[in-house]
Amino acid sequence: MAQISLTFPDGNAKPFDAGITAAEVAAGISNSLSKKAISATVNGAHWDLQWPIEEDASIAIHTLKDDAQALELIRHDCAHIMARAVQAIWPDVKVTIGPVIEHGFYYDFDRAEPFTPEDLGQIEAKMKEIINARDGVRTEVWARDRAIAHYEANNEPYKVELIEAIPGDEPLRMYWHGDWQDLCRGPHLQHTGQVPADAFKLMSVAGAYWRGDSSRSMLQRIYGVAFKNRDDLRKHLNMLEEAAKRDHRKLGREMNLFHMQEEAPGQVFWHPNGWTVYTTLQDYMRRRQRQFGYVEVNTPQVVDRKLWEASGHWEKYQENMFIVEVDEEHAREKAINALKPMNCPCHVQVYNQGLKSYRDLPLRMAEFGACNRYEPSGALHGLMRVRGFTQDDAHIFCTEDQIQAETALFLKMLSSVYEDLGFESFDIKFSTRPEVRAGSDEVWDKAEAALEAAIRTVTDEFELDPGEGAFYGPKLDFKLTDAIGREWQLGTFQADFVLPERLDATYVGEDGAKHRPVMLHRAILGSFERFLGILIENFAGRFPLWLAPRQVVVASIVSEADGYVQEAVAALTAAGLRAEADIRNEKINYKVREHSLGKVPYILAVGRKEVEDRTVTVRKLGEKQTQVVNLDQLIPELAKEATPPDQQAG
RNA sequence: GCUGCUGUAGCUCAGAGGUAGAGCACUCCCUUGGUAAGGGAGAGGUCGAGAGUUCAAUUCUCUCCAGCAGCACCA
């Protein structure tokens, strides 16, 4: 038998017979490793212990201590065990696929009856039985024909379709958990008992299309989470609870920021509190845009379909546009308009007024553009996905040679804005030319190189997504992470070679001839609605003072202090703070509780002492202790804290 | 849009084929109280909309609307 050499993580190499399994290697090292082993990494690939190794390789044996591998296997085995449990309870359920996802796993089933929440408990119990049985996991490689025949015989049509969709005719890997069998790439654990029985939980049932295709049948998907131990599971469940507490829909109601109602699904009624945050943010963005050399414009809401036809949006997005038909008595035909779903074509109209020279470029045109899109009903979600929204939109008209500098300038602005708004870091995704695209390879080469060079002036760490650019140009997407670790995609930056062409935008070059400008679409917040949703959740409603809708409440302890309360509020207001008086006939405990729940950053309590000394007792949101401060000293301090970050001195 | 679930007072929720319930919030009265709910009284509902079954529907059935979870979609 041929010999191979396996190199261990410590650098030692040892000879073995070709075809040795990782399990046998582990067994050769120690008995305890053999028991604890879960998988291996062989030449960088995650390797099932039962798979033979045929050639020289590096090898590392994994135990439950190796987080990445352990979690992947636990979750993947959980998916199989869940499918086995489901078929054990309901033998006629058809199985499809069950992958690992972030925090857990799911499996899609085809079953006539819907699964109920009570079913989940029953399935969980069955899964625990299977885990406790410590059934061995076994794997074999089968010829395709044999596998297809097997699944046809077992009446598992989805599996047959899966196999038929796998390209080539390599043999297929089959897995058994005990008697239960599934088609699976692997790897898996050695036996079901290696899955911790107290560290997983089935979370929910929901519909999901077979193969992710909305024209195919709807399956039932059961989601589960799984971890290495009960503690990690508990932490995860706590995190979910924390996220639920921060839900912007809940906080929006509690803090009286906004509401939504049936008559205007997907659109926001902003209340005074919410609108204060909104306009404060908008004022901030307006200042930043000016600082970065943008001009601001405003364009119409209702625009004739002709423009959308010219831009190409009518053809592609008609179903998602709000159509406005005007039927005037004397008109020959109905005028068909659409509510603006985006601002770009309108900005080109502004650009096209008057002849532009290369001296006018780059032209950075910004608009807080109110847009309406008829989003599918199932997509709506609080402020995060709405039908009426306002983008912090801008288009930069420039020459090809200016792309790099404009990209770099934009990155500078974006990182500065995110930092001001409380997000320390962000990730960049760079999407390059797709298969089907407009524009010459030469232009794409140039644009992609410019974008990449610009990114590299900021960071070398970015995610490359080849082929995922828009058909009209390469793009950058920006993701940031919030206070509890969730990621949000916000900003975007897209080069566009097509729209200037379609809408005939030109400039006169140095050579006196007409040229096409490049259009750079960009947004930093995305939309105010969504961004505010994210801000609410990121801060859990506890906005920094400059953004807080209600900044200071001055509360009287006894009614004798009412006059002083009013005086203090007037002084705070004069200093530019959003201050309110609370002189209701209520106890201070009651007022403190109410304004704390309302997330007011500062409560200033005044009683007889304070009136006499011209002080206030300050209670900061989230802190229990109070501090007596001279009113005249406090006001400038609060005013400073309430100054937006871009206006802070020094 | 699709699958499943939900819709009762401003909010959170209970309820049952036959005058609709609680807590908080709201209004009024008493209370002037020192840092997360002082006491009392009162007002408040076309039970999401429409149709059907029934002597009788908020309750059962159907259709629609909206919301929630997920999927699909997201210029």
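The sequence lines fix the lettering, A, B, ..., with proteins before strands; numbering per chain opens at 1. Below, each value reflects all heavy atoms present in this structure, side chains not excepted, and no hydrogens, waters or symmetry copies.
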Within the 6.0 Å centroid threshold, strictly below: A:Phe227 and A:Phe200: no
How about A:His103 and A:Tyr223: are their ring centres within less than 6.0 Å of each other? no
Identify, between A:Glu610 and A:Tyr223, the residue whose nearest nucleotide on RNA chain B lies closer to the 5' end. A:Glu610
Of the candidate nucleotides [options], which contains the atom at the shortest distance from the side chain of [X]?
X	options	result
A:Met321	B:C71, B:A75, B:A36	B:A75
A:Pro265	B:A66, B:U32, B:G38	B:A66
A:Pro376	B:G1, B:U35, B:A36	B:G1
A:Met218	B:U3, B:A72, B:G34	B:U3
A:Val558	B:U3, B:C74, B:G33	B:G33

Would you say a side-chain N or O of [X] is under 4.0 Å from OP1 or OP2 of [N]?
X	N	result
A:Arg216	B:C2	no
A:Tyr317	B:C74	no
A:Ser377	B:G1	yes
A:His381	B:G67	no
A:Arg619	B:A36	yes

Is any NZ, NE, NH1 or NH2 atom of the basic residue among [X] and [Y] found under 4.0 Å from an Asp or Glu carboxylate oxygen of the other?
X	Y	result
A:Glu242	A:Lys235	no
A:Arg249	A:Glu254	no
A:Lys126	A:Asp119	no

Give me the distance, rounded to whole Å, that separates [N] from [M] when you measure between the [atom1] atoms they each carry.
N	M	atom1	answer
B:A75	B:U3	C1'	28 Å
B:U59	B:C2	C1'	29 Å
B:U58	B:G18	C1'	12 Å
B:C62	B:G7	P	15 Å
B:A22	B:A16	C1'	16 Å

Would A:Lys591 and A:Ser556 count as a side-chain hydrogen bond (donor to acceptor under 3.5 Å, both in side chains) here? Give the steps. CA-CA 9 Å; A:Lys591 295 181 184 181; A:Ser556 59; 3.2 Å; yes
For a quick check, tell me whether the side chain of [X] and the base of [N] share a donor-acceptor pair closer than 3.5 Å.
X	N	answer
A:Glu319	B:G1	no
A:Thr617	B:G34	yes
A:Thr626	B:U35	no

Please produce a list of atom pairs where a protein N or O lies less than 3.5 Å from an N or O of nucleotides 23-29 of chain B.
residue	atom	partner	partner atom	Å
B:A25	OP1	A:Tyr590	OH	3.3

Opposite nucleotide pairing with [N], Watson-Crick or G-U, both atom distances under 3.5 Å:
N	result
B:C71	B:G1
B:G33	none
B:C11	B:G23

Please answer whether B:A72 and A:Tyr209 are stacked, defined here as ring centres separated by less than 5.5 Å and planes angled under 30°. no
Is the side chain of A:Arg387 donor-acceptor paired with the backbone N or O of A:Arg373 at a distance under 3.5 Å, no angle test? no
Look at the side chain of A:Lys340 and the backbone N and O of A:Ala338, then say whether any donor-acceptor pair between them is shorter than 3.5 Å. no
Between [N] ([atom2]) and [X] ([atom1]): distance, integer Å:
X	N	atom1	atom2	answer
A:Arg387	B:C73	CZ	P	18 Å
A:Arg530	B:C74	CZ	P	15 Å
A:Arg253	B:G67	CZ	P	14 Å
A:Arg385	B:A69	CZ	C1'	16 Å
A:Leu339	B:A75	CG	C1'	16 Å
A:His248	B:G67	NE2	P	12 Å
A:Ile588	B:G38	CD1	P	11 Å
A:Ile603	B:A36	CD1	P	9 Å

Regarding A:Asp108 and A:Trp210, do their side chains bring together a donor and an acceptor under 3.5 Å, going by distance alone? no
At 4.0 Å (heavy atoms only), tell me whether A:Lys316 reaches a base, stays on the sugar-phosphate, or touches nothing. nothing
